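To start, the structure under review is shown below, and the notes come after it.
Remember, predicted model here, so these are calculated numbers, not experimental data. In what follows, chains carry the letters A, B, and so on, assigned in the order in which the sequence lines appear, proteins first and then strands, with residues in each chain numbered from 1. Just so it is clear, the values below take in all heavy atoms, side chains as well, and ignore hydrogens, waters and symmetry mates.
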Amino acid sequence: MALDQFPKAYEPARVEEKWYSYWLEQAYFRAEADPERTPFTIVIPPPNVTGSLHIGHALNNTLQDIIIRRRRMQGYATLWLPGTDHASIATHIKIEEALSKEGTNRFNLGREKFMERAWAWKEQYGNTIISQLKRLGCSCDWSRERFTMDDGCSRAVTEVFIRLYQKGLVYRGDYMTNWCPTCRTVISDLEVEHEDTAGKLYHVRYPMASGEGYITVATTRPETILGDTAVAVNPEDRRYAGLTGQMAVLPVVNRHIPVIADHYVESTFGTGAVKVTPAHDPNDFDMGVRHGLPAVTVIGQDGRMTAEAGPYAGLDRYQCRRRLLEDLDELGLLVKVEDHQHALGHCHRCNSVVEPLVSRQWFVRMKPLAAPAIEAVKQGKVRFIPERFTRVYLNWMENVRDWCISRQLWWGHRIPAWYCQSCGELEVSERTPAQCGRCGQDQWEQDPDVLDTWFSSALWPFSTLGWPEDAQDLDFFYPTDVLVTGYDIIFFWVARMIFMALEFTNEIPFSEVFINGLVRDAQGQKMSKSKGTGIDPMEVISKYGADTLRFSLVVGNAPGNDIRFNWEKVEGARNFCNKIWNAARFILMNTEGFEPSASPPKLGTWDRWILGRLDRVVADANRALDSYDLGEAAQRLYDFAWNELCDWYLEVSKLALGDPEHRDAARYTLYKTMETTMRLLHPFMPFITEEVWQALPHAGTSVMLAEWPQATGEAYERENAGVQMVMAGIRAIRNLRAEFGISPGKPVEVLLRPADNTRSTWQEMVPVISRLAQADPVRVDEGAARPAGSATAVVEGASIYLPLAGLIDFDRERERLKRDAAGIRLELDRTMARLANPSFRQRAPHDIVDKEEAKRRQFEERLERLEHILSLLSGGDG
RNA sequence: GGGCGGUUAGCUCAGUUGGUUAGAGCGCAUGCUUGACAUGCAUGAGGCCAGGGGUUCAAGUCCCUUACCGCCCACCA
């Protein structure tokens, strides 16, 4: 071991790139479809191709890497399949922003040029996030990297669209859709974010055509008045009974519209009369269908009023609102304006207020697809972790509405539908159809629209493995095992993968969905680039290293919970790396020339103790990992490595290392414990563990391929009990030293009076006590009387006396011991009360009762000693 | 309008199927150049586990309820 490679402080920059390159060169991430082994597959949630890694990605991919690295070590044929998403609308917006800066736009540029531009953009930025994932340490099989718009994925998209169309599960039609006037496209219901907004409710009077009376409607969007084609009232509403069937006059445009009766109308809201605008409101659209009303489109796709809006044509929708209100007021028809809170739809991408519009779009018929997807989850074939997300999924799926999949965008998968320019015939096919079956002409034009980004994402688990071909990867690695993703895309993505997979592969896409929370800033707010509250994970990696970032994101967090990012936690993780590093340095310094293959030497109590604890932490970590409690597993390993291995075993081993008789046992144990700990920590902290593991004697070429530890069940209970007792004794001595201000370098004399049957344990531990408590000499004497003027502690198994004549304040010492006694008595009383309860003895399990008995004995015994000492003290021999 | 999550030490959070004296990190206090580590070591202080009710031999944990915080879904204009 060359210690010069091991500086006092861990320097991640010295090791991370080295080992990542090594893993890549050795192709250790490469998956093999090996029929001898069980496959374990994860497909990455593909990040946006032009994006960069944010802290949420860092968390999500760390979790995946932990899972996949452990499975790889366990011997599974693992595949972590990486890739990127074309992110149709998101990318579109970015490119359009760039164009806008150049003073142009996509319509000026034209579709072909725009696409060239988009591909160039993708080439330029597409690698950013991939290289960032590599820096994070992700062990993806890069040879299988995919892109949602590559040939294979595109092929799958076309295939799926055509098959759905042929089954009648994709249809085209004029329906109410959500239009984003800024993005200039329709968006799906999911892409509309509802936000409670303080608005107004305007009461507007419509004169009756008969010339007699009015009917007053209430609306939040007065500009849609221009598109009204009816006024509706509830048929039970007596107030309007006489008006139903009559005509009202639409103000300003003077169109005559009927008053109709419809149960949809709530008599108690507003005036009980609703203006009906079938072209601009989903409910009104339905009413229009029920009553055969015409739809008049008054707001265009640019958010401006159309020619149908008469005098308001050309105005922006909000300008129109203001003008129209002025005009109505002037006419005396605006009778009341109330404050009104309502949910306004905003575009998920650009935050513009979404305009409901009727337009001709493509839809996926959801009911038939949802049914099996609901069943699969209900039957537990797909399991959500944590379980509560099952209900979120089911609730959405059970109420799902048809999915609008066409987008008036260019970057994406173009819809494989063709229209005959001569007769209007529609043909859905992969390539341009030959000849129109209806009119015999050959003038086809492809649908200009592209598909919703999530349409291709929905196919990701199987399209990336080769579907629709009969591919070897698909055969071996599919269905995948676990999907790791955030709860924010359960509907967008998870749900859609499930129904698409069931429809096209007849199998679930994954059997488990491991949901992770959001990473929030220190104030608990969502991180936002625009607000400058975002943390750049690359900055954390540069400053502290990837292992630190990974560990800080994972340790101590419960599945599905949001995480609050804070730098203190990062520093904590960095300190842990450093702790590991220095423990490794210590062990390397002391295991030179050590041969791990040599048969194990005779082990001492502490050796067996730490090996027992190690076995225990292996069991605990495995149990936690099996149930996706990654944060708990990390915490257990942290606690073991720091509090047991470093704080105790390493310190104790210093004695043994200086003693020829025990040296080999200590070296063996140090090595064994450290090597196993590195394997356990490797999924969490791949770089530092590789560096340390490689420096230790080892068999094999990389820790990432070493065998994952399994518990043997060798707990060394007896050693553990003895060691726990001695630790408490050492702590008590240290405590007394601190209490009485004994300077640290000064050895203190200790007289230890052991309780029954513990003498040999204490006796054996004298050198350890001496070293760890700075105690010298340490005498163990069963019959020892308390020396006058002693500081005293009573622990389980012993009374401890520090003869400190002159330093002890007699009264204070007595008070201190009285407090101790009172504390023990409190516990003893509680235990006695429990044991005195007959129903406790009757109903509690035996082992619980036994434990309680043991507790009582222990408390009694300690209390007895304490009280004996107190009686001596009151006798005056302080 | 439905639904979900949270409320545990000053702060950020763990807490398995109910079962020792409720834990950690940070912060705080005191003292330390102990030959792996001051990114460290030792010792200590700090908790009516949000309030109320219930189930149970036993509740931070299960049930009901209230309050506050956060989130998701939702076509009352």
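- The nearest whole Å value for the distance from the CZ atom in A:R391 to the C1' atom in B:G5 is 12 Å.
- Distance, A:D820 CG to B:U21 C1': 14 Å, rounded to whole Å.
- For B:A36, the base has a donor-acceptor partner in the side chain of A:K654 [N/O atoms by modelled type, under 3.5 angstrom].
- Considering only residues two or more places apart in sequence or on other chains, A:T216 meets the side-chain contact (heavy atoms from CB on, under 4.5 Å) condition with A:H203, A:R205, A:T271, A:V335.
- The six-membered or imidazole ring of A:F565 lies near that of A:W567, with a centre-to-centre distance under 6.0 Å.
- Proximity of A:V231 to A:I260: side-chain heavy atoms (C-beta onward) are nowhere separated by under 4.5 Å.
- Taking atom CG of A:L630 as the reference point, atom P of B:U16 lies 17 Å away to the nearest angstrom.
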Worksheet item: In B/S/- notation, 5' to 3', how is nucleotides 24-31 of chain B contacted by protein heavy atoms closer than 4.0 Å?
Response: SSS----S
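- Between the base of B:U43 and the side chain of A:R734 there is no donor-acceptor pair shorter than 3.5 Å.
- Atom CE in A:M589 sits about 12 Å away from atom P in B:G35, given to the nearest Å.
- Residues A:D339 and A:K200 are paired through a salt bridge, judged by an N-O separation under 4.0 Å between the basic side chain and the carboxylate.
- Applying the 3.5 Å distance criterion, the base of B:C37 shares a donor-acceptor pair with the side chain of A:K579.
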Please list each protein N or O that sits under 3.5 Å from an N or O in nucleotides 62-65 of chain B, with the distance.
none

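- Residue A:R862 contributes atom CZ, which lies 13 Å from atom P of B:U21 at whole-angstrom precision.
- Applying the ring pair (Phe, Tyr, Trp, His ring centres under 6.0 Å) test between A:F576 and each of A:F640, A:F551, A:Y10 identifies A:F551 as the sole match.
- Using the Watson-Crick or G-U wobble rule with both distances under 3.5 Å, B:G31 pairs with B:C41.
- Of all heavy-atom pairs spanning A:V274 and A:V217, the tightest one is C-CG1, 4.1 Å.
- Regarding A:L588, its CG atom lies at a distance of 14 Å from the P atom of B:C37, rounded to whole Å.
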Taking N or O atoms only and anything under 3.5 Å, show me the protein contacts with nucleotides 68-74 of chain B, one pair per line.
none

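- Residues from residues 217-229 of chain A with heavy atoms under 4.0 angstrom of RNA chain B, sorted by number: A:A218, A:T219, A:T220.
- Annotation: side chain of A:M674 is in contact with side chain of A:L696 (closest heavy-atom distance under 4.5 Å).
- For A:K851 and B:U21, the NZ to P distance is 11 Å, given to the nearest whole Å.
- Relative to the side chain of A:F586, the nucleotides B:A14, B:A36, B:U39 differ in distance, and B:A36 lies closest.
- Remark: the A:D228 side chain and the A:Y206 side chain contain an N/O donor-acceptor pair separated by less than 3.5 Å.
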List, with names and distances, any nitrogen or oxygen atoms from the protein found under 3.5 Å away from nitrogen or oxygen atoms belonging to nucleotides 44-46 of chain B.
{"residue": "B:G44", "atom": "OP1", "partner": "A:N735", "partner atom": "ND2", "Å": "2.8"}

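- Using Watson-Crick or G-U wobble geometry with both donor-acceptor distances under 3.5 Å, B:G5 finds its partner in B:C69.
- For a distance-only test at 3.5 Å, the side chain of A:R623 qualifies as a donor-acceptor partner of the base of B:U16.
- The nucleotide B:C62 finds its pairing partner in B:G54, both defining distances of the Watson-Crick or G-U wobble pair being shorter than 3.5 Å.
- Counting heavy atoms from C-beta outward, A:Y638 and A:N643 have side chains that stay 4.5 Å or more apart.
- A donor and an acceptor atom sit less than 3.5 Å apart, one in the side chain of A:E651 and one in the base of B:A36.
- For A:E338, the CD atom counts as densely surrounded, since its 6.0 Å shell holds more than 12 non-hydrogen atoms of other residues, nucleotides or ligands.
- Summarising the base pairing, B:C49 is matched to no nucleotide, lacking a Watson-Crick or G-U wobble pair whose two defining distances lie under 3.5 Å.
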Worksheet entry | Stepwise side-chain hydrogen bond (donor to acceptor under 3.5 Å, both in side chains) check, A:T224 with A:K275 | CA-CA 9 Å; A:T224 62; A:K275 56 188 280 310; 2.6 Å; yes
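- Rounded to a whole Å, the CZ atom of A:R737 is 14 Å from the P atom of B:U34.
- Donor-acceptor pairing under 3.5 Å is lacking for the side chains of A:N575 and A:E571.
- At a cut-off of 3.5 Å, with distance as the only test, no side-chain donor of A:N234 or A:D262 sits close to an acceptor on the other residue.
- Atom name C1', nucleotides B:G46 and B:G52: the rounded distance is 27 Å, in whole Å.
- Across all strands shown, B:U16 forms no Watson-Crick or G-U wobble pair with both key distances under 3.5 Å.
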